[in-house]
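Working notes, structure below.
Side chains included, hydrogens not; waters and symmetry mates left out as well; all remaining heavy atoms used. Convention: sequence-line order gives letters A, B, ...; per-chain numbering from 1.
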Amino acid sequence: MKEKNIFEKIYDVVGQIPEGSVASYGQIAELAGNRRWARVVGYALHIVPGSAGLPCHRVVTKDGRVSDAFLSGGVNRQVELLEKEGVGIAGGRVDMERYQWKKCVF
DNA sequence: CAGTTGACATGGG
DNA sequence: GCCCATGCCAACT
């Protein structure tokens, strides 16, 4: 079995995030196999072009806030997109308890 | 090959 | 509640 590279795993996990839901870097890393990869996850998304189709705007920090480094030009962008997808934003923060991506879709 | 960096997470002050 | 320091792993220089 060929285990996908960390990047492939991350891309796969992030690509599985449904609309109206968000996931934290740590969670993605955990789903990918290791929670310590949180940094690698951020790096992966950083190098991945938007053409990859990865909803990077659905990836937030544990605080429920879009990554600080995401501000490359305008965080409002990600927040607005999330709002459009159905994610409620409060004070620039996402209601993690409500919208954090869970495998159990109720 | 070794050192530095990085879109994070957690704990302590 | 905010700031500093540490850990962890992979990619980049």
Side-chain angles (χ1 to χ4, degrees):
Chain A
M1 278 320 299
K2 285 220 295 263
E3 291 189 1
K4 297 180 186 174
N5 289 344
I6 176 66
F7 269 44
E8 295 292 309
K9 290 181 182 177
I10 292 168
Y11 296 152
D12 188 51
V13 175
V14 175
Q16 287 169 57
I17 303 174
E19 295 179 13
S21 298
V22 298
S24 61
Y25 288 90
Q27 189 175 1
I28 292 166
E30 192 171 67
L31 292 169
N34 282 323
R35 164 179 126 177
R36 320 308 191 317
W37 291 347
R39 299 188 84 139
V40 185
V41 172
Y43 197 81
L45 294 176
H46 174 70
I47 64 165
V48 171
S51 308
L54 295 175
C56 31
H57 57 268
R58 286 187 198 143
V59 185
V60 296
T61 65
K62 278 196 104 201
D63 292 322
R65 188 158 107 124
V66 291
S67 311
D68 296 346
F70 230 119
L71 307 156
S72 294
V75 177
N76 288 38
R77 192 72 170 155
Q78 328 306 357
V79 177
E80 209 169 301
L81 283 168
L82 288 170
E83 281 189 294
K84 270 196 249 203
E85 300 236 319
V87 178
I89 310 293
R93 299 256 140 32
V94 181
D95 286 276
M96 295 301 279
E97 293 300 298
R98 289 193 191 284
Y99 299 106
Q100 186 168 60
W101 178 39
K102 295 173 186 175
K103 290 184 182 168
C104 220
V105 191
F106 204 103

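- With hydrogens and angles left out, the side chain of A:Arg39 and the base of B:dC8 share a donor-acceptor pair within 3.5 Å.
- Along DNA chain C, the nucleotide nearest A:Tyr43 and the nucleotide nearest A:Arg36 are compared for position; the residue whose nucleotide lies closer to the 5' end is A:Arg36.
- Residues A:Val60 and A:Val40 both approach DNA chain B. Their nearest nucleotides, taken by heavy-atom distance, put A:Val40 toward the 5′ side.
- A:Ile6 comes within 4.0 angstrom of sugar-phosphate atoms only, judged by non-hydrogen atoms across all strands, and of no base.
- Regarding A:Ile28, its CD1 atom lies at a distance of 13 Å from the C1' atom of B:dA9, rounded to whole Å.
- In this entry the distance linking OH of A:Tyr25 with C1' of C:dC9 reads 16 Å, nearest Å.
- In this structure, the nucleotide among B:dA9, C:dA10, B:dC8 sitting nearest to the side chain of A:Lys62 is B:dA9.
- When all heavy atoms of A:Ile10 and A:Ala44 are compared, the pair lying nearest together is CD1-CB, 3.8 Å.
- Candidate nucleotides B:dA9, C:dA10, B:dA7 were compared by shortest atom distance to the side chain of A:Ser24, and B:dA9 ranks first.
- Look at CG on A:Leu31: it is 15 Å from C1' on B:dA9, rounded to the nearest Å.
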Would you please test A:Ile6 and A:Asn34 for side-chain contact (heavy atoms from CB on, under 4.5 Å) and show each step? CA-CA 10 Å; A:Ile6 176 66; A:Asn34 282 323; over 6 Å; no
Evaluate the side-chain contact (heavy atoms from CB on, under 4.5 Å) criterion for residues A:Val66 and A:His57: first the C-alpha distance (whole Å), next the side-chain angles of each, then the deciding distance (0.1 Å), finally the verdict. CA-CA 7 Å; A:Val66 291; A:His57 57 268; over 6 Å; no
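- Atom CD in A:Glu30 sits roughly 15 Å away from atom P in C:dC9 (whole-Å rounding).
- Remark on DNA chain B: of its neighbouring residues A:Arg35 and A:Cys56, the 5'-side contact belongs to A:Cys56, judged by nearest-heavy-atom nucleotide.
- Between the C1' atom of B:dA7 and the CD atom of A:Gln27 lies a distance of 17 Å, rounded to the nearest Å.
- The separation between A:Asn5 atom CG and C:dC9 atom P is 17 Å, rounded to whole Å.
- Following rounding to the nearest Å, A:Tyr11 (OH) and C:dA10 (C1') show an atom-to-atom distance of 12 Å.
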Checking side-chain contact (heavy atoms from CB on, under 4.5 Å) for the pair A:Arg58/A:Trp101: CA distance, chi angles, key distance, verdict? CA-CA 9 Å; A:Arg58 286 187 198 143; A:Trp101 178 39; over 6 Å; no
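- Listed candidates were B:dA7, B:dA9, C:dA10. Nearest to the side chain of A:His46 is B:dA7.
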Given the rule in the side-chain contact (heavy atoms from CB on, under 4.5 Å) test, do A:Phe7 and A:Ile47 qualify, once you have shown the distances and angles that lead to the verdict? CA-CA 10 Å; A:Phe7 269 44; A:Ile47 64 165; 2.4 Å; yes
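- The side chain of A:Phe7 sits closest to C:dA11 out of B:dA7, C:dA11, B:dA9.
- The CH2 atom of A:Trp37 sits 14 Å away from the C1' atom of C:dA11 (whole-angstrom rounding).
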